[in-house]
Structures are given as C-alpha cells and as structure tokens.
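Following: one structure in structure tokens, then a few remarks.
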Amino acid sequence: MADPKGFMTTPRKDWPRRPVEERVRDWDEVYVPGALLPIISEQADRCMDCGVPFCHDACPLGNLIPEWNDLVSREDWLAASDRLHATNNFPEFTGRLCPAPCEAGCVLAINQPAVTIKNVEAAIADRAWAEGFTPPRPPDRLSGRTVAVIGSGPTGLAAAQQLTRAGHTVAVYEKDDRLGGLMRYGIPEFKMEKHHLERRIGQMSAEGTKFRTSTQVGRDVMADDLRSRYDAVVIATGATAWRELHVPGRELTGIHQAMEYLPLANRVREGDLEASPMSAAGRHVVIVGGGDTGADCLGTAVREGAASVTQLDIYAQPGEERDEDTDPWPTYPKIYRLSAAHEEARDLRTAPAAHADARLFAASTLRFSGDESGHVRSLHLVEVDARRRPVRGSERTLPVDLVLLALGFSGPDREDGLVEQLGLALEPRGTITRDAGFATNVPGVFAAGDAARGQSLIVWAIAEGRAVAAAVDRHLTGSTRLPAPIGPYDRPMSV
C-alpha cells in the first residue's frame, strides 16, 4: 500500500462519461478520452490492506488485484501490466465489458464504495499498449502438436493464445467474416471500440496463431474432418441459441431477436452496410428483456434515432442498497444500476410511458397485435408479482413498430450440425456435457465457455479459455505449466 489511509481520505471517483447529448450523436466509447489516467493512481490508493482480499475469489480469473493496485498507486506501470497479464489475457476487454464482480467482493464494499477495480484494470491495459508493454510472445520452440479452436469469442481467443504460447500449432475457426464472436457483432461500438479487438488479434497472429474466418465447422468443414486433422479440438462456439417468446402475435413482422438486430448495427459501423435494414430510426421500439443485451439494444436504438424506446424487465425494480439477507457481501448483489444506455434514455426521455430510465419493471408480455398488413403495432403487457403472477387490473398497451427480444440464450446453436456430427452429449438445458477435465464424451474434443457453462460473463469466458488450454496441454503432453483458474463445475459465489 502506497497510502495506508487512502481508503479513508480519498472518495471513490469513476471514469467520467461524456455528456449524453454529445455521445448519442456518435458511436465512440461513452467515456471521456484521457480522463482516467489523471485520477487512477489516487483511486488505486484506496485499495486497503484488508488481509484476506475477497476480490480474488469474486473474480474467476483470480486477478492479483491488490498487487497491481499497489503498483499503479506507485505509477510502476510496467510491473502492473506484468501482474495484470499474468492472470488475464485481455484486460482491455474485461476493463470495459465485465460487470466487475471483484468490486462486489471488495472488503471496502462492506461499508463504503468499493475500489474502482474495473477502471484501474482498463487504465493498466491502455497504458500497456501505449507504452509497448504487450509485445507478441511467440513460443521458443514448437511441440509438433496441433489444436483446432472452434469460435473466436473471448473463450476461444484465450484458449488459442495460451496454447500457442505453450508451443502448439493452433488454428481458430470462425463462422463470421471477422473475428471476435459476440465482441465483434454483439457488443456495440459505444461499449468497446473494435480497435481494442484488432490489436489483440494482431498480437496473436504475430505469436503464430492461425485464423480461418467465414468457415462454419459442420457445414464448410465437416467436424469429423477437423477432428482427424488435429490432435485436439476445443469447442468454444458460445451459447448462441436464443430463447423465444411464445405469446400470441409472435409471428407478426417487426418482431426480431436482439442478436438479429445488434449485428446489423455493428456491420454499419464496419462499413458493410450503409444503413441497417432493422434500423430503429423514427420507430417506437420495445425491448423485451432487462439484461445487458437489452441495454445494448437500448443504446443502439437511441443512436439510430428511435421515436421512443421502452425496455421491459420481468423482475421488480431492485433497491439501491445490497440486501444482506438475500445478497450478503461478498456475493454479487442484485441492486439498481444505471448503465450508460439507461442514463441516455433517462436524460433524453425516450420512454414517457415507462419509468425514468426507459425500464418498466415487473412487466410481462401478454400478446402482440398488428395491422392489416401483419406488422406489429401494439404490445399488451401486465404487471406481475414476485412469483411472476399477473396482477389483476394492471393490463396496459404500448404502441410499437419494432420489438426486440433479449431473453438470453440456452446453449450452442444446433443448426450448424457440429453437435450431431461429433455425437456430443448434451445436458438437459442444451449445453455440452464435459467431465472434470473439460473433455467431452468424444476423445480429443474439449468444450469451454458458454457452449458448456451456459451464458455467463466475459470474465468467466476468459477463465474458461485459460483453464481448457491447460487441460488440452496436459492431454497432449502429459503435463502442463499453464494456469487453470477454474474448474468446469465452479460457479460464482452465492448464498
């Protein structure tokens, strides 16, 4: 600790966001450029000598948070970068996209605002790139073993980088035309600009990882052919089978899945399209689903110029303080949070029929109705109680031209034929079955990330990638020196 009283003398200060009126006119990241470094050393000083740092356990990567906080407070950026990268392949991703369960587990958070761990992480990562602290790290020698990784999301990229650095020859297969998985086409640019992704891919290419885009395993390349060509296969395709809303009127046009809508907006940013065919411009939009994907749709619709945007959340509005009975420290609490998108909706008053930040809580969709041409025009909803039972007399109708379903995902997509071609066993919920060593029922085939765990956070995805890499390395060589931060059955801390 550089300042043993820092947590007593320095208040928490977060990375400031740009003014709403400014940022909704572009797609750049919402934060004020350059505003983080001037405040971050003092914020790192707030990391107290807590003795038992629960932030380690709250983070599945086991990030050495007190160590790099101390180094940042002393402005030893090179050492801080080394400690951060020792446990996390892509801290610039998690520093922007992770909801920071580490901060919920911060000992200071028992009775004060937590240390700004996520901001410190992003600052270290950005400084490391600026100062050249992240050169490619190709292996000293090759093992002669080959690995195919299916999927280039955070799990696949982390697994590929770890295995490449261990000396194996790794090829990553991606069905889309660009790498990154949901980070590329699911995460809007205002949450993470894609140059962060391009830098890491460039680093990995220089280290020796091979990439095969526009190649869907199960269609363009048969799964058995891939298995016969490589010594091991890692399935990291994510959980892309979206959940459906089975209510009357679902067949009307103008009702789309969030992951049909968001990729088109991202492709406009990539220059592939002049305008999205699902653009919210001038339309009344309702988003069904209260999670992060719904918030991404909200921010995107606002930037596209929607006439109004409302988000439905089936859960009751949470309180602003942790409920010690249901979410005791150091678990991740369900509290009221105001994302950048909700802040924008609040200030711009995008949903006059909803609460201040565009969300309608405890709201369940009953049915849709449309016009003579079969296009959706109304969403009928009802208020529900804590058990999701309708509250009598609470029905209401919202005008709508575009409905976006953001209800989560159930497991890997079955339509590409990968699961059937390999004969993979599945869990009842649709995820891939694996043993304690990340191995599937098919010899030499491993599964990691959301495809096996179910939809989760980016920090868990990277942890899975690192852990499955250790399992594959052990399978190929008989032993491993690669870290395995989690096991396949580990779960977030809970009561």
Side-chain angles (χ1 to χ4, degrees), residues 24 27 182 185-190 240-270 272-314 341-342 344-345 348-355 357-361 363-384 395-410 413 415:
V24 297
W27 294 83
L182 289 183
Y185 290 128
I187 299 296
E189 190 91 354
F190 57 82
T240 55
W242 51 61
R243 294 192 177 99
E244 190 51 78
L245 181 63
H246 300 287
V247 298
R250 171 61 181 91
E251 73 284 355
L252 294 168
T253 59
I255 304 174
H256 304 280
Q257 289 284 347
M259 290 312 301
E260 294 175 311
Y261 169 73
L262 290 172
L264 291 172
N266 275 301
R267 286 193 176 278
V268 172
R269 299 302 308 152
E270 294 282 1
D272 298 340
L273 299 171
E274 191 168 322
S276 168
M278 290 185 193
S279 175
R283 304 168 82 175
H284 296 286
V285 181
V286 175
I287 302 160
V288 182
D292 289 341
T293 301
D296 292 344
C297 291
L298 175 62
T300 299
V302 167
R303 283 163 176 75
E304 287 180 336
S308 70
V309 193
T310 306
Q311 183 179 8
L312 307 185
D313 191 332
I314 199 167
H342 293 116
E344 293 157 6
L348 298 175
R349 299 185 59 80
T350 71
H355 296 296
D357 62 6
R359 282 177 282 192
L360 273 175
F361 290 97
S364 178
T365 304
L366 292 174
R367 66 187 184 278
F368 301 106
S369 56
D371 57 20
E372 295 178 353
S373 65
H375 195 283
V376 66
R377 294 302 175 195
S378 300
L379 182 148
H380 306 267
L381 61 89
V382 64
E383 183 182 343
V384 294
E395 295 86 353
R396 59 187 295 192
T397 301
L398 297 179
V400 62
D401 306 307
L402 175 63
V403 176
L404 302 174
L405 305 179
L407 301 171
F409 307 90
S410 59
D413 190 352
E415 294 185 0

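For the pair F190 and V24, the minimum side-chain heavy-atom distance is 4.5 Å or more. Looking at heavy atoms from C-beta onward, V403 lies out of side-chain contact with T365 at the 4.5 angstrom threshold. Within the 4.5 Å cutoff, no side-chain heavy atoms of D413 are placed close to those of W242. Two residues are said to be in side-chain contact when any heavy atoms from C-beta on lie closer than 4.5 Å; L379 and V288 meet this criterion.
Nearest heavy-atom pair, T300 versus P188, reported as atom, atom and distance to 0.1 Å: OG1-CG, 3.8 Å. Residues A258 and C297 come closest through the heavy atom pair CB-SG, 3.5 Å. In terms of heavy atoms, P277 sits closest to L273 at CD-CD1, 4.2 Å. Across all non-hydrogen atoms, the minimal contact from H342 to A295 is CE1-CB, 3.8 Å. V268 approaches A275 most closely through the heavy-atom pair CG2-C, 3.8 Å. Considering every non-hydrogen atom in both M278 and Y261, the closest pair reads O-CE1, 3.5 Å.
Between the E304 side chain and the A280 main chain, a donor and an acceptor come within less than 3.5 Å of each other. E260 places no side-chain N or O within donor-acceptor distance of the main-chain N or O of L404, the cut-off being under 3.5 Å. One N or O on the side chain of T253 and one on the backbone of G374 form a donor-acceptor pair closer than 3.5 Å. Without hydrogens or angle criteria, S410 side chain to A241 main chain gives a donor-acceptor distance under 3.5 Å. Looking at T350, its side chain does come within 3.5 Å of a backbone N or O of V309 through a donor-acceptor pair. With Q311 contributing its side chain and V286 its backbone, the two residues share no donor-acceptor pair below 3.5 Å.
Remark: R359 does not engage D313 in a salt bridge, criterion side-chain N to carboxylate O under 4.0 Å. Of the charged side-chain nitrogens involved, at least one lies within less than 4.0 Å of a carboxylate oxygen, so that E344 and R303 count as a salt-bridged pair.
Atom CG in D371 sits 8.5 Å away from atom CG in L252 (nearest 0.5 Å). The CG atom of L298 sits 5.0 Å away from atom CD1 of I287, with the distance rounded to the nearest 0.5 Å. Between the OG atom of S279 and the CG atom of L264 there is a distance of 10.0 Å, given to the nearest 0.5 Å. Remark: R377 CZ to L398 CG distance equals 15.0 Å, nearest 0.5 Å. A distance of 7.5 Å separates CG of L245 from CZ of R250, quoted to the nearest 0.5 Å. To the nearest 0.5 angstrom, I314 atom CD1 is 13.0 Å from F361 atom CZ.
The 12-atom threshold is not exceeded at CD of E415, counting heavy atoms of other residues, nucleotides or ligands nearer than 6.0 Å. More than 12 heavy atoms of other shown residues, nucleotides or ligands fall within 6.0 angstrom of atom CG in D401. In R349, the CZ atom is not crowded: 12 or fewer heavy atoms of neighbouring residues, nucleotides or ligands sit closer than 6.0 Å.
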(request) Report the C-alpha distance between V247 and F368 in whole Å, list the side-chain angles of each, state the deciding distance to 0.1 Å, and finish with yes or no for side chain to side chain contact (heavy atoms under 4.5 Å, CB included). (result) CA-CA 8 Å; V247 298; F368 301 106; 3.6 Å; yes
(message) side chain to side chain contact (heavy atoms under 4.5 Å, CB included), that's the test. Do T293 and L262 meet it? Break it down for me.
(response) CA-CA 9 Å; T293 301; L262 290 172; 4.1 Å; yes
(request) Give the intermediate values and the outcome of side chain to side chain contact (heavy atoms under 4.5 Å, CB included) for residues L360 and R396. (result) CA-CA 12 Å; L360 273 175; R396 59 187 295 192; 3.6 Å; yes
(request) Mind running side chain to side chain contact (heavy atoms under 4.5 Å, CB included) on L407 and E244 for me, showing each step along the way? (result) CA-CA 7 Å; L407 301 171; E244 190 51 78; 6.0 Å; no
